[in-house]
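For the single chain, residues carry numbers from 1 onward in sequence order.
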Amino acid sequence: MWNRYCDGETEFLNLRKIFVRMVDRYGNISDAVKFEDTGRKKILCFEMNPECQEENGVVLTKALKAVLDTLELEHFVVLKGAVGTGKSTCLKYVYDLYKRNQWDVRRVGIIGQSILNVDGKRKLLCCDDLFGVYNRGNFAVAAEIIISLENIEQKVNQNMKVVLAIHDHVYEELQKSHFIKVFQNKRVVVDFNELSDAEMLLIFNNQRKIGHCAKNPKCLFRNVGFESIKDTLKENTGKLGNPILTLLYSNLHDTKKDTQDIVKELCLIFQNMLEHNPDLFHVLLYVMFVETHSLDDEVKEWAFKLGGLSSTTVEQNVGRLNAFLFVQDDGRRIKIKHELLSFALFKWCASSTRYMPLLLKHCQFQMIEEIIRPISSPNQSEFCVILKDEMYPVLNSRILEENLIVHVKVHPLMESSKFRYSLYLMMKSEPLIRESLVTKKKNHKDKSSTKK
C-alpha cells in the first residue's frame, strides 16, 4: 500500500479502516515483506501504522502524543529517556504548539519557587535537562529544585503547565540520594525509550534527507537500506537513543562501525580532525569551551592557546563544521548541535596531557561540574570523566580564582580526601584569594538571611 505515511505521494480514502480489517484477518505484516519494483523508490514495510505521522519534519511518535494527551489532563509532565531519544525535539514541538495557541511559553534552566508563581496568564514552562545536561549537576541549588518539584502540584493550576525532561542516568543518580515523590507518579512520566520500526523509519528518512548524503550524490550511504540500519541498532546497549545513533550514521558514516561504543568512534574522528585540519578542530573545541559563540564578537584572549585561534579562523571554518553536523547557527551565533558530541570532545580532551589543563581552565564550568568525578565516586555513568590526582591543582586554582567554591562544596569531588587536601593547601598558600572567598560566603549568607 503506497500512502502518505510511506512515500508522500498517494492518498487512499478509508485506509485506516482497510488496515484494521487486514490486521484483524491476517495479523501484522511481516518485517521481511518488500514492495515489488514498480519504478518507485523501494521501501520496507514494518508496522504500517496510519497513526505514525510527521509535521514540519517532526515525527509525531507515540511518546510525543502521550505528552500532548497528558498535558490535556495534567498540569505537569516529565519526559524521561536515554540521551538522544527525542526529548528535546518533543519539548520544542510542545513549545511551538502552545505558543501558537497564545500561551505565555518560557524556557527555563531551573525550576524554582519564584518561577512557579501564577499571575493569571496561561503559562507553559519548559525545562530541558533537569538537574544536568551530561550527568547530575546544579548541586548548589539541588535542594531548592527538589522542594519546588515536591510542591509543584499545589503550585500549578489550570493557568499553568510545566514540562520537564530528564536523562535516565541523571534520574538514576538522583534517586540514590533523593526520593522525589512526583517522579513516582506514573500518570505524568512519559518514557521516550521505546520507538516502533515505523517511527524509526520515518525519523531515519528525514535525517538522511538533510544529512551528508543529500550534499553528496555519490555517497555510498545513499544505498544503505533501513533493514541494515535496523540490524545495526540491535547492538545499541540502551545508553543512547536510536534517533541520535541514526542521526550520526546519516552524517558521520564511520560511527556505524561500533554502535556499542559510539563515543570512542567520535573521539577517533576528533583525533583525525586534529591531525589533518587543526584549525577546524580548534574552532570546534573553542565552541565547546564557551558553549555559544557570537560571530560578531572577538574570541576570548585565551583562545590563542588553541593553536593560535583567532576570530578570522572561526569565520573561515564555521561553514565546514556545519556541513559535518558538528555546529548549528542561527545566523551569527554558533553552538555544538548535540550534547553527545560535546561530551565526546570533552572526553577526548581529558585523555590529552596537552588539552586537559586548557579544558579545566577555560571550559564552561557547568560542563566540568556535571562530567568530572573523582575515582572514588560511587555514581559513575558512561558520561563521567575521572579527574586524575595530578590535575587537582589545575582545577582548584580556577575554583579559587573565580570564586567557584560554592559550586563544588557539595560536589562528589569533595568526597575525595586528596582533592579536599589539595584545595586546602592552595587556599592556605593564597591568603588574598582566601580572604575574598570568606567575604563572598559572608555576603551570600547575608543575602540568604535577608530573603528569609
Checklist entry - Can you say whether the rings of F221 and F204 are parallel (under 30°), tilted (30 to 60°) or perpendicular (over 60°)? => result perpendicular
Next on the checklist: H169: which residues meet the ring pair (Phe, Tyr, Trp, His ring centres under 6.0 Å) condition with it, sequence neighbours left out?
Outcome noted: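 Checked H169 against ring pair (Phe, Tyr, Trp, His ring centres under 6.0 Å); matches are H167, F383.
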Between [X] and [Y], which heavy-atom pair has the shortest distance, and what is it?
{"X": "I146", "Y": "H178", "result": "CD1-CD2, 3.2 Å"}
{"X": "R208", "Y": "S250", "result": "N-OG, 4.0 Å"}
{"X": "V287", "Y": "I336", "result": "CG1-N, 3.8 Å"}
{"X": "V83", "Y": "E339", "result": "CG1-OE2, 4.2 Å"}
{"X": "A82", "Y": "K87", "result": "O-NZ, 2.7 Å"}
{"X": "C126", "Y": "L91", "result": "CB-CD2, 4.0 Å"}

Between [X] and [Y] (side chain of the first, backbone of the second, donor and acceptor by atom type, cut-off under 3.5 Å), is there such a pair?
{"X": "T246", "Y": "P243", "value": "yes"}
{"X": "N251", "Y": "L247", "value": "yes"}
{"X": "R398", "Y": "L360", "value": "yes"}
{"X": "Q366", "Y": "G132", "value": "no"}
{"X": "R122", "Y": "N101", "value": "yes"}
{"X": "S311", "Y": "V299", "value": "yes"}
{"X": "E199", "Y": "T61", "value": "no"}
{"X": "N193", "Y": "G81", "value": "no"}

Nearest-0.5 Å distance that lies between atom [atom1] in [X] and atom [atom2] in [Y]:
{"X": "I180", "Y": "N185", "atom1": "CD1", "atom2": "CG", "result": "13.5 Å"}
{"X": "Y95", "Y": "S88", "atom1": "OH", "atom2": "OG", "result": "14.5 Å"}
{"X": "T85", "Y": "L245", "atom1": "OG1", "atom2": "CG", "result": "11.0 Å"}
{"X": "E54", "Y": "N206", "atom1": "CD", "atom2": "CG", "result": "4.5 Å"}

Next on the checklist: Given the ring of Y98, does K161 sit roughly above its face, with NZ or CZ under 6.0 Å from the centre of the six-membered ring and within 45° of the axis?
Outcome noted: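 No.
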Item to check | Verdict with reasoning, L284 to F270, per side chain to side chain contact (heavy atoms under 4.5 Å, CB included) | outcome: CA-CA 9 Å; L284 183 63; F270 295 139; 3.5 Å; yes
Item to check | Positive for ring pair (Phe, Tyr, Trp, His ring centres under 6.0 Å) with H362, one of Y355, W302, F289 | outcome: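 Looking at Y355, W302, F289, the match for H362 under the ring pair (Phe, Tyr, Trp, His ring centres under 6.0 Å) is W302.
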Strictly by modelled atom types, are [X] and [Y] linked by a side-chain donor-acceptor pair under 3.5 Å?
{"X": "T237", "Y": "Q260", "result": "no"}
{"X": "D279", "Y": "Q316", "result": "no"}
{"X": "Y249", "Y": "Q207", "result": "no"}

How about [atom1] on [X], more than 12 heavy atoms from neighbouring residues, nucleotides or ligands closer than 6.0 Å, or not?
{"X": "K176", "atom1": "NZ", "value": "yes"}
{"X": "K347", "atom1": "NZ", "value": "no"}
{"X": "E301", "atom1": "CD", "value": "no"}
{"X": "I386", "atom1": "CD1", "value": "yes"}

Item to check | L248 and L340: CA distance, side-chain angles, deciding distance, side chain to side chain contact (heavy atoms under 4.5 Å, CB included) verdict | outcome: CA-CA 10 Å; L248 291 172; L340 180 63; 3.8 Å; yes
Checklist entry - Are R373 and E382 close enough, and set up right, to give a salt bridge (Lys or Arg N to Asp or Glu O under 4.0 Å), and what steps lead you there? => result CA-CA 12 Å; R373 294 291 188 269; E382 293 73 13; over 6 Å; no
Item to check | Lys/Arg-Asp/Glu bridge criterion (N-O < 4.0 Å) met for K409, E369 | outcome: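 Answer for the salt bridge query: no.
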Next on the checklist: Any carboxylate oxygen within less than 4.0 angstrom of a Lys/Arg side-chain nitrogen, looking at D96 and K92?
Outcome noted: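 A salt bridge is present here (some side-chain N lies under 4.0 Å from a carboxylate O).
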Item to check | Side chain proximity check, Y93 to L60, heavy atoms < 4.5 angstrom | outcome: yes
Checklist entry - Taking the side chain as C-beta and beyond, is there a heavy-atom pair between V133 and F343 under 4.5 Å? => result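 SC-SC contact between V133 and F343 ruled out.
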Next on the checklist: Could you go through L97 and W103, starting from their C-alpha distance and side-chain angles, then the distance that decides it, and tell me whether this counts as side chain to side chain contact (heavy atoms under 4.5 Å, CB included)?
Outcome noted: CA-CA 9 Å; L97 176 64; W103 282 64; over 6 Å; no
Checklist entry - What do the steps show when you test Q175 against Q184 for side chain to side chain contact (heavy atoms under 4.5 Å, CB included), and what is the final call? => result CA-CA 11 Å; Q175 287 294 95; Q184 315 309 315; 3.2 Å; yes
